Visitor: 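Have a look at the structure that comes next, please.
Atoms considered below: every heavy atom in the structure, side chains included; atoms not considered: hydrogens, waters and symmetry mates. This structure is a prediction, so every number in the text was calculated from the model and none was measured. Sequence lines set the chain letters: A, B, ... in the order given, protein chains first and strands last, and positions in each chain run from 1.
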2 protein chains.
Amino acid sequence: MKQFTKHTVKNSLKRIFLYRACLTRLKLLGVEKVYSYTLSDETGVTSDQVRKDFSEFGITGNKRGGYDVDELIDKMEKIFHRNKDHNLVLIGMGNLGTSLSRLKEIIDRFRVKVAIIAVPEISAQEVTDELIQSGIKGIINFAPVLLKTPADVIVNNVNLCDELESVIYYVHNQMKSEGTKNLDLLYRGTKY
Amino acid sequence: MKQFTKHTVKNSLKRIFLYRACLTRLKLLGVEKVYSYTLSDETGVTSDQVRKDFSEFGITGNKRGGYDVDELIDKMEKIFHRNKDHNLVLIGMGNLGTSLSRLKEIIDRFRVKVAIIAVPEISAQEVTDELIQSGIKGIINFAPVLLKTPADVIVNNVNLCDELESVIYYVHNQMKSEGTKNLDLLYRGTKY
DNA sequence: TGTGTTTTGTGAATTGTTTCACATTATATC
DNA sequence: GATATAATGTGAAACAATTCACAAAACACA
């Protein structure tokens, strides 16, 4: 069966988030300069991979001199557009019934493009439809359902039960086969 | 730089979670039988991929007859070990100071193997060390730091800021280049 | 019971990602 | 300045995941 195109994240982008978190911590400790292997030590990503990722996002350093922490953070912020403001709406159980009709008004006024959905499973699709009608282009979805959306709307699913079960799965399997055959099925959640 | 082995989830396992969620919903609606394309429609995963995943986990159906929903759910529960009880500890800000010393006692008594860490960044590593000392083998970490753990302990990181930023990144980039060259950098969070 | 149709299950081909290997360049030292 | 060294940056190779394509099996119906 042919499939409509899905937008999938490049792992490299996920790792850029990781590097940034790490760099802000290092900066706090007074570190001013890092090398690809510094980030490797801190994040568990190979130094090769660090450089490859930087290469992909056009981040360059100094041969022999490594990378300037401030500069690196700055470039990453630019990648994430952190230097711009972004309004977003959060739709939770509290305001579900009453204020759904005001949604479009608010979204229009504040030019909101991103929404967080934290409503019960049963209402999630309805809320989503409303949001898309109002021009929302990105959704973080805490409801444990697959939202139906047009191709130009991105949905980022967060399902805490899955996170938990995946860990239980791992722990159980490791106990059972202790490093032998099933290891390739093991789980680490977010893969960096 | 050579890297120690990391445990990474097979995407197929993540998708099994997705299928299960979908199947329980269908069951609620009275559906008794599904085909690979049913699950494809519901989840957005191709039907080829569905069958390939089932094949990997030893799940079989009936040629021409599809899959029995109950049987499928049952097999998946077995994969996740849902039919067994699993105790877990949740360490939040509230009980951080006072009860940390009782942790080992509790973990021992209830044979806990999985912990959820929801403490501030600054305490996360300390708590982790304590947990590992007490025999914890799986951790879900809400603190935005990379925890240092032995190779046989699994850590599943959940970072809500990252989830948010990835969506903002996507929305911004799509606005700018509307479906042209940067599309391969787009983000969909959890990749199914 | 035989024939046509639908669906599974899985090797092979393709596509995507990570690792390797090394040319290139910046810095330090004499 | 010349030389040695340590780091980056990136094609090529290796590895992993997905899609394709089709044989095999089950069902429907005459």
Visitor: Do E56(A) and K52(A) sit within salt-bridge range, that is, some charged N less than 4.0 Å from a carboxylate O?
Guide: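 So E56(A) does not pair with K52(A) through a salt bridge.
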Visitor: For the pair made of OH in Y67(B) and C1' in dT8(C), what is the distance, rounded to whole Å?
Guide: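 Interatomic distance, OH of Y67(B) to C1' of dT8(C): 6 Å.
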Visitor: Roughly, in whole Å, what's the span from NZ in K33(B) to P in dT6(C)?
Guide: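 About 16 Å, once rounded to whole Å.
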Visitor: Mind calculating the distance between CD1 (I59(B)) and P (dT8(C)) to the nearest angstrom?
Guide: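 Those two atoms, CD1 and P, are 13 Å apart.
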Visitor: Expressed as a whole number of angstroms, how long is the span from L13(B):CG to dA17(D):P?
Guide: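 One finds 12 Å between P of dA17(D) and CG of L13(B), rounded.
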Visitor: From CZ of F54(A) over to P of dA7(D), roughly how many Å is that when rounded to an integer?
Guide: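 To the nearest whole Å, that distance equals 15 Å.
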Visitor: State whether E130(A) and K104(A) are salt-bridged, where the test is any N-O pair (Lys NZ or Arg NE/NH1/NH2 against Asp/Glu carboxylate O) under 4.0 Å.
Guide: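 Looking at E130(A) and K104(A), the cut-off is not met.
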Visitor: Taking only side-chain nitrogens and oxygens of Y35(B), does any of them come within less than 4.0 Å of OP1 or OP2 of dT8(C)?
Guide: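 Result: no.
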Visitor: Could you tell me how far apart E56(B) (CD) and dA16(D) (C1') are, to the nearest whole angstrom?
Guide: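 Rounding to the nearest Å, CD of E56(B) and C1' of dA16(D) are 12 Å apart.
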Visitor: Starting at CG of D53(B) and ending at C1' of dA16(D), how long is that distance when rounded to a whole Å?
Guide: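 Between C1' of dA16(D) and CG of D53(B): 14 Å.
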Visitor: Could you state the CZ-P distance from R15(B) to dT19(D), rounded to the nearest angstrom?
Guide: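 So the two atoms are 8 Å apart, to the nearest Å.
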Visitor: Report the nucleotide, chosen from dA12(D), dT19(D), dG9(D), that has the shortest atom-to-atom distance to any side-chain atom of T46(B).
Guide: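 Nearest nucleotide to the side chain: dT19(D).
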Visitor: I'd like to know whether CD of E121(A) has more than 12 heavy-atom contacts from other residues, nucleotides or ligands below 6.0 angstrom.
Guide: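 Result for CD/E121(A): enclosed.
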Visitor: Working to the nearest 0.5 Å, report the span between CD1 of I91(B) and CZ of F142(B).
Guide: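 It comes to 12.5 Å.
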Visitor: Tell me which nucleotide among dT8(D), dG11(C), dT8(C) gets nearest to the side chain of S36(A).
Guide: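 Per side-chain heavy atoms of S36(A), the pick is dT8(D).
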Visitor: Compare the minimum distances between each of dG9(C), dT18(D), dA12(D) and the side chain of Q49(B), then state the nucleotide with the smallest one.
Guide: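 Of the candidates, dT18(D) comes closest.
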Visitor: Could D108(B) and R111(B) be called an ion pair, given the rule that one side-chain N must be under 4.0 Å from one carboxylate O?
Guide: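 No salt bridge links D108(B) with R111(B).
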Visitor: Should the pair Y19(B) and F54(B) be assigned to parallel (<30°), tilted (30 to 60°) or perpendicular (>60°) ring geometry?
Guide: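 The rings of Y19(B) and F54(B) stand perpendicular, inter-plane angle above 60°.
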Visitor: Ion pair present between E105(B) and R109(B), side-chain N to carboxylate O less than 4.0 angstrom?
Guide: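 Yes, this pair counts.
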Visitor: Go along nucleotides 21-30 of chain D 5' to 3' and tag each nucleotide: B for a protein heavy atom under 4.0 Å from its base, S when only backbone or sugar atoms are that close, - otherwise.
Guide: B--BBBB---
